[in-house]
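Order of the sequence lines sets the chain letters (A, B, ...), proteins ahead of strands, with each chain counted from 1.
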Amino acid sequence: MSRYDPSVSERDWQSAWEAADCFKALGPDCGKPKYYVLEMFPYPSGRIHMGHVRNYAMGDVIARFKKAQGFNVLHPMGWDAFGMPAENAAIEKGTHPATWTYANIDAMRAQLKSLGLSFDWSREFATCDPSYYRHEQAMFLDFLEAGLVDRRESIVNWDPVDQTVLANEQVIDGKGWRSSAAVEQRALTQWFLKISDFSDDLLGALDGLTRWPEKVRLMQANWIGRSEGLACRFELAEAVGGFSDIEIYTTRPDTLYGASFCALSPDHPLTLELAARDAALADFRAKCAARGTSESDIEGGEKLGYDTGLFVRHPLDPDWLLPVYVANFVLMGYGTGAIFACPAHDQRDLDFARKYDLPVRPVVRPADADASFDIAELAYTGDGNLFNSGDFDGLSPKAAQAQIIARFVEAGRGARQVNFRLRDWGVSRQRYWGCPIPIIHCPHCGAVPVPRAQLPVTLPEDVRFDRPGNPLDHHPDWKHTSCPECGGDALRETDTFDTFVDSSWYYARFTGLAPDAPTDRAATDYWMSVDQYIGGIEHAILHLLYARFYARAMHRTGHLGTDEPFAGLFTQGMVCHETYRDAAGNWLLPEQVERREDGAFLKDDPTQRVEIGGIEKMSKSKKNVVDPDDIIAAYGADTARWFMLSDSPPERDVQWTQEGVDGAWRFVQRVWRLISTQADALDGVNAQDFQADKLTAQTGDLYRTIHRSIHDVTQDLETLGFNRAVARIYNLANELSGFTPTDDTERAVLKSGLCVLVQLFAPMMPHLAESCWRLLGHEGLVAETHWPQADAAALVEDSVTLPVQINGKRRAEITVPKSADQATIEQLARAEPQVEKFLDGKPIKKCVVVPGRIVNFVV
RNA sequence: GCCCUCGUGGCGGAAUUGGUAGACGCGACGGAUUCAAAAUCCGUUUCUUUCAACGGAGUGUCGGUUCGAGUCCGACCGAGGGCACCA
C-alpha cells in the first residue's frame, strides 16, 4: 500500500475546486441563508507566516463547515497594501513601493493558494489599487459634507534630521530610529474624523455585540472611557494675562477637601502664556516635549512638575490657597487640561506630592478605620466614609460626589459633566505610500474638496526616496494645481490617510465591487454584517473601533444599512516557537539547530552547542520562524492546517513544535491507511444498508460513537472549539480502526462511519478528505456534500453511570437507568457494597442526588 | 504607570459551566514485528505511601463560600497583550 502523497493530490484537488467554482459566493436570490466569514486581510510583507496559516485555517474551517450546512458563504481575500514597510524598502533597497507591494502580493497569493483555502478570489483587491482608494476619497468628501470631518492642530513626533514625522514605534529612547536624532514634538494642522461624536453610541452598542469576546468589549469600553464628574472653576488669587481662573474637570469631587495643589498641562493656554515670560518654564516645556507622545511614555515616566508661583482659591473655602504647578502627566487632550490634585486618594498625585513635598490630607477612610487613619506610600482609592470634609463628613464617596456637584450647580459655579477618554481620530500621515487626501489648499478659498469628477487623486509614480521628508511634498509638480473654486494657483494636500482608514471599510467593499460607488447597496444589505470575523487580539481596540465608527459614518452617508460591521468576532492567539542562539549570541533559525536529548547543537557542526532560549512569538528579529512553504513542501498543507488547529484552544497562543507536526503527519497517514485497507472490502457496500435499532451490542456501540461524534464535532465547530473537534475526530478514528466487521451489516456500519469521519475532518484537511472520499467510492467532491446529521435516537443513553461521594469524596460508582428517580438512585447507591463500607452504619445527615450527575452522602 | 487576559501531569491541553480532574495528542518507558533499522501495532504513564488497594495528596500560592470548587469570592505571586503614527 502506498503512502499518501500530498504534493500531488493537493494541487489536483485545488484545481478541481477551481474548475467546479466551488467557493464562489452566490447572489442574494439563490434561496439559501447567507453566511459571511472574514479573516483580517494581511499586510503584504512578502511571505506568509505561521500566524497567517493559523488565522486562515480557522476561517477556512468555518467557511467550509457553513457551506456544508447549506449556507451561501462569502469568504473573500484581499490586501491591506498601504503602509510604512513599502517606504522603508524603497529607502533601503531603492525599489518603488508599488513594485515591491505588488510583487509581494503575487508571492503571498501563491502561498495562500497552496494552503487550499476556500476563498472567492474573484473579489480580490488591494487597498493601494486606485479602483479601491478612489471610493475612499469619495467617501471622505461625503463625510466632510456630513460634518464628520474636522481640521485642527495636533502634536506629532518630529525627526529634525530626517525631516519626517515618526510613528511611536520609530521613537526609541526619545531618538529617531534611523537618524538617532533627538525627537521633538511639533504641532501640525491635520485632518480628524469625528469618532468622538459617536462615543455614547459606540459604548452603548457594545452590549449588543454578544458574539464578541467579553474582554474585547471591556477593552473598548475602557478605551472610550465614559466618566461623570464636575467641571468647575478655581479662581486665581491674582489674575494673570487674560486669565482670572482655571477650569478643571474631576471625577472625584468628593475629595475636594483633600486638595493639595492644582496642575496644568504643559500645553495649557495659561502655561503657554506664562512660558512666554518665564524662561525656566519654557525649558520645562521643552523637556516635556522631548518625551514620546504615547500614553505609556507619559504615564510610565517620572512625574515632573514646575511651580508657577501662582495660587488659586479653593472653591469651597475662599481663604484656602492652593499652589499651581505645571505637571507632565496632565494631558491637554483630556478634560480641560487642568486638574486639582488630591494626593491622598490618587496615586499619581501622591507620587507628585511626595516628590515636591506638598501636603497629603486624607478625606476618605475605610468604614472600619479609626481617627488614626493616614496615607503612607499608597493612595487610598477604595470605598468608605468622608472625614475632614466639613458638612460632608460621614457620607460615602458616591453620595458626597452627588451632593457636592449639586452644591456647585446651585451656586452656579460648576456643572455636572460627562467626559470621554476617546479622542477624535487623526488620519493625516506625512507619507507617500497611502491614499491621498482629496483636498486642495487655496490661498483665497482655504481647504477645498477635489471635485468628484476629478477622483481619484492618484499617487505620482516618479518619486524619489533619496532625500528626507515626504516625497509627495517635494515632487516637482504633483502638488501644484488650480483651485476648483476660484481657478487660482493652489496646492494639493500632500498628506495621505492613516492605513487604518483603508481597513475600516474593506469588509463592505468585498460584498460587491461596484465600479462607480464605494458599495453596492443591494449587496451590502444582503451580506452585512460579517457573521464571523477572525483576527489577532492586537487589533482589539484601534482597528475594531475605527471599523465600528466607519460603519456608522457610512450608514449616515447612505453607503451602508447597518451600524455594526462584525456581528461575531473571534480573536486568535499567536504562534510561538523556541528561540536559539549560538555561542556568540547570534540568533539561529530552527532549521539550523539539531535537538538532541543532551541539548541542542548546530546542524552543520554538531560540536557546537546551541543555547535554547524562551518560547516567544515568531518574529524575524529573533529568527524563531518556520516558513509555511517549507512545511507545505515537506508535509503538505493539510498537515500544517491540522497541526495549527489541534491541541491549543484557538484563542490562546500555540507553540510550533517539530513533534507536533510529526504527530499531525502521522495522523494523515493513519487515516489514509485506515481507509485504503478497508476500501476494497467495502467496495459496493451501501453505507445505509442496516437498521440502527437491530445492531449487535458491539456494532451498536460503534454506531452510537459515530453519531455522538457528529453531534459533538458539529457543536465544537459552531463554538469554534477546533482543538476539541480534533480530539473527537482522533477518538472516532481510534474506534473505527479497532473495529473488524464480520458481516454485511457491520461492513455497512463501518462504511458509514468512515464516510462520516472523512466529512468531519474535511473542513480542516480538505485535500486528504477528497482523496479518501474518492477511495470510498464517491464520484463528487466532499466540498459539495451536505454536513452529516446525527441520529437523535443514537444520542440517547438508556443508562447512566453516577459517581457516589461520601463527604465529598468519590467512593464508588453505580449504573442506573436514565429514568430512575431520586429515591431509587439513593436506594441503589446505599446498597452498593463500597458505599455500605464507608457509611459504616453512621447516621446520614443529608443525601444530595443530582439526577444524571452525582450522589453525595453527608455523614 | 493605566487597562485587559491567562496560570491544570514531563509537554500542548480536556472537563457537559458548581458535580468522577487529567479526554485527545506529544514525549517517555516496556513489548510485538524485523537479520537490523525506519515505519507500524499492543500496553504503561499526575505524584506518593519500600508492592498493592475501592489508602493519601493534587488544578500558581494563601484564605473564604458550598453537601461538593480547576470552575464562584478575596488577597498575593508569575506570564502575556493593548496604550491612539506598526499593522
Side-chain angles (χ1 to χ4, degrees), chain A residues 3 40 42-43 45 80 82-85 156-157 165-171 213-216 218-219 221-223 225 293-303 329 333 347-348 351 421-431 498-500 503 536-543 545-546 571 573-574 576 616-617 643 646-649 651-655 657 659-660 662-664 666-667 669-670 673 712 715 721 723-724 726-731 734 737 801-813 833-835 837-838 845-848 850 852-858:
Chain A
R3 277 187 146 199
M40 291 181 185
Y43 179 78
S45 56
D80 189 13
F82 276 134
M84 290 204 306
V156 295
N157 297 308
V165 174
L166 297 177
N168 283 333
E169 69 156 15
Q170 296 174 317
V171 179
E214 188 57 43
K215 73 167 166 178
V216 175
L218 198 65
M219 283 164 85
N222 287 332
W223 186 256
T293 56
S294 76
E295 190 174 301
S296 61
D297 288 342
I298 291 163
E299 297 277 328
E302 194 189 0
K303 314 250 172 321
F329 63 87
Q347 194 60 45
R348 286 180 310 186
D351 295 344
R421 212 181 74 95
L422 182 65
R423 307 199 300 253
D424 279 336
W425 174 16
V427 293
S428 297
R429 297 292 182 271
Q430 296 69 38
R431 307 187 194 287
D498 177 6
T499 57
F500 273 126
S503 55
I537 183 69
E538 65 274 20
H539 294 292
I541 297 176
L542 293 182
H543 162 61
L545 196 59
Y546 291 149
T571 54
M574 298 178 303
C576 300
E616 299 182 48
K617 177 182 176 174
F643 173 55
S646 319
D647 292 356
S648 290
E651 70 276 9
R652 236 188 273 179
D653 291 352
V654 64
Q655 190 195 344
T657 60
E659 291 76 18
D662 291 340
R666 268 201 298 275
F667 185 65
Q669 295 301 336
R670 221 180 99 204
R673 209 162 41 239
D712 290 348
Q715 204 157 55
N723 58 321
R724 293 194 303 267
V726 165
R728 299 195 206 279
I729 288 168
Y730 269 115
N731 196 62
N734 290 344
S737 306
T801 303
L802 296 181
V804 182
Q805 295 183 336
I806 288 147
N807 285 342
K809 291 227 172 270
R810 179 177 159 272
R811 296 299 183 185
E813 51 183 48
Q834 270 306 313
V835 176
K837 181 179 140 197
F838 276 92
K845 277 201 228 154
K846 191 170 174 186
C847 174
V848 182
V850 184
R853 288 265 187 261
I854 205 160
V855 182
N856 191 11
F857 292 103
V858 186

N-glycosidic conformation, B:G9 - syn within 90 degrees of 0, else anti: syn
Has A:Arg652 got a side-chain N or O lying under 4.0 Å from the OP1 or OP2 atom of B:U5? no
Does the side chain of A:Arg666 get closer than 4.0 angstrom to OP1 or OP2 of B:G27 through an N or O atom? yes
Distance below 4.0 Å between A:Asn723 side-chain N/O and B:A14 OP1 or OP2: yes
Relative to each other, are the rings of A:Phe500 and A:His543 parallel, tilted or perpendicular (30° and 60° limits)? parallel
Given the 90°-from-0 boundary between syn and anti, B:U33 should be labelled anti
CG on A:Asn222 to NZ on A:Lys215, rounded to 0.5 Å: 13.5 Å
Taking the C1' atom of each, how far is B:G9 from B:A28, in whole Å? 13 Å
Tell me what A:Arg348 touches on the nucleic acid: a base, only sugar-phosphate, or nothing, going by heavy atoms under 4.0 Å. nothing
Base B:C67 to side chain A:Asn856, donor-acceptor N/O within 3.5 Å cut-off: yes
Side-chain donor or acceptor of A:Arg431 under 3.5 Å from a matching atom on the base of B:C85? yes
What integer number of Å spans the P atoms of B:C42 and B:C24? 13 Å
Distance-only, no hydrogens or angles: does the A:Arg421 side chain make a donor-acceptor pair with backbone N or O of A:Trp223 under 3.5 Å? yes
Out of B:G13, B:C67, B:A39, whichever nucleotide has its closest atom nearest the side chain of A:Val858: B:C67
Separation of the P atoms in B:A69 and B:G63, to the nearest angstrom: 14 Å
Using the P atom as the point on both nucleotides, what is the distance between B:G78 and B:G55, in whole Å? 39 Å
OG1 (A:Thr499) and CG (A:Asp80) are apart, to the nearest 0.5 Å, by 6.0 Å
Quick one: label A:Gln347 by what it contacts on the DNA or RNA (base, sugar-phosphate, nothing), any heavy atom closer than 4.0 Å. nothing
For a quick check of understanding: with a heavy-atom distance under 4.0 Å over all strands, which category does A:Phe667 fall into, base, sugar-phosphate or nothing? nothing
Across the strands shown, which category fits A:Ser428 at heavy-atom distances under 4.0 angstrom: base, sugar-phosphate, nothing? base
Give a yes/no answer on whether the side chain of A:Arg673 brings an N or O atom under 4.0 Å of OP1 or OP2 in B:A39. no
Looking only at N and O atoms, is any donor in the side chain of A:Glu659 or the base of B:C11 less than 3.5 Å from an acceptor on the other one? no
Short side-chain N/O contact from A:Arg423 to OP1 or OP2 of B:A84, under 4.0 Å: no
Contact class for A:Val850 (heavy atom, under 4.0 Å): base, sugar-phosphate, or nothing? base
Taking atom types as modelled, is there a side-chain donor on A:Asn723 or A:Arg652 under 3.5 Å from an acceptor on the other? no
When rounded to the nearest Å, what value does the distance between C1' atoms of B:G7 and B:U71 take? 14 Å
Separation of the P atoms in B:U16 and B:C67, to the nearest angstrom: 22 Å
Select base, sugar-phosphate, or nothing to describe what A:His539 touches, counting heavy atoms under 4.0 Å on all strands. base
If you measure from the C1' atom in B:G12 to the same atom in B:A23, how many Å do you get, rounded? 13 Å
Please work out if A:Gly660 contacts a base, only the sugar-phosphate, or nothing of the nucleic acid, heavy-atom cut-off 4.0 Å. nothing
How would you label the contact of A:Ser646 with the nucleic acid (heavy atoms, under 4.0 Å): base, sugar-phosphate, or nothing? nothing
Using the P atom as the reference point in each nucleotide, state the distance between B:G19 and B:G68 in Å, no decimals. 15 Å
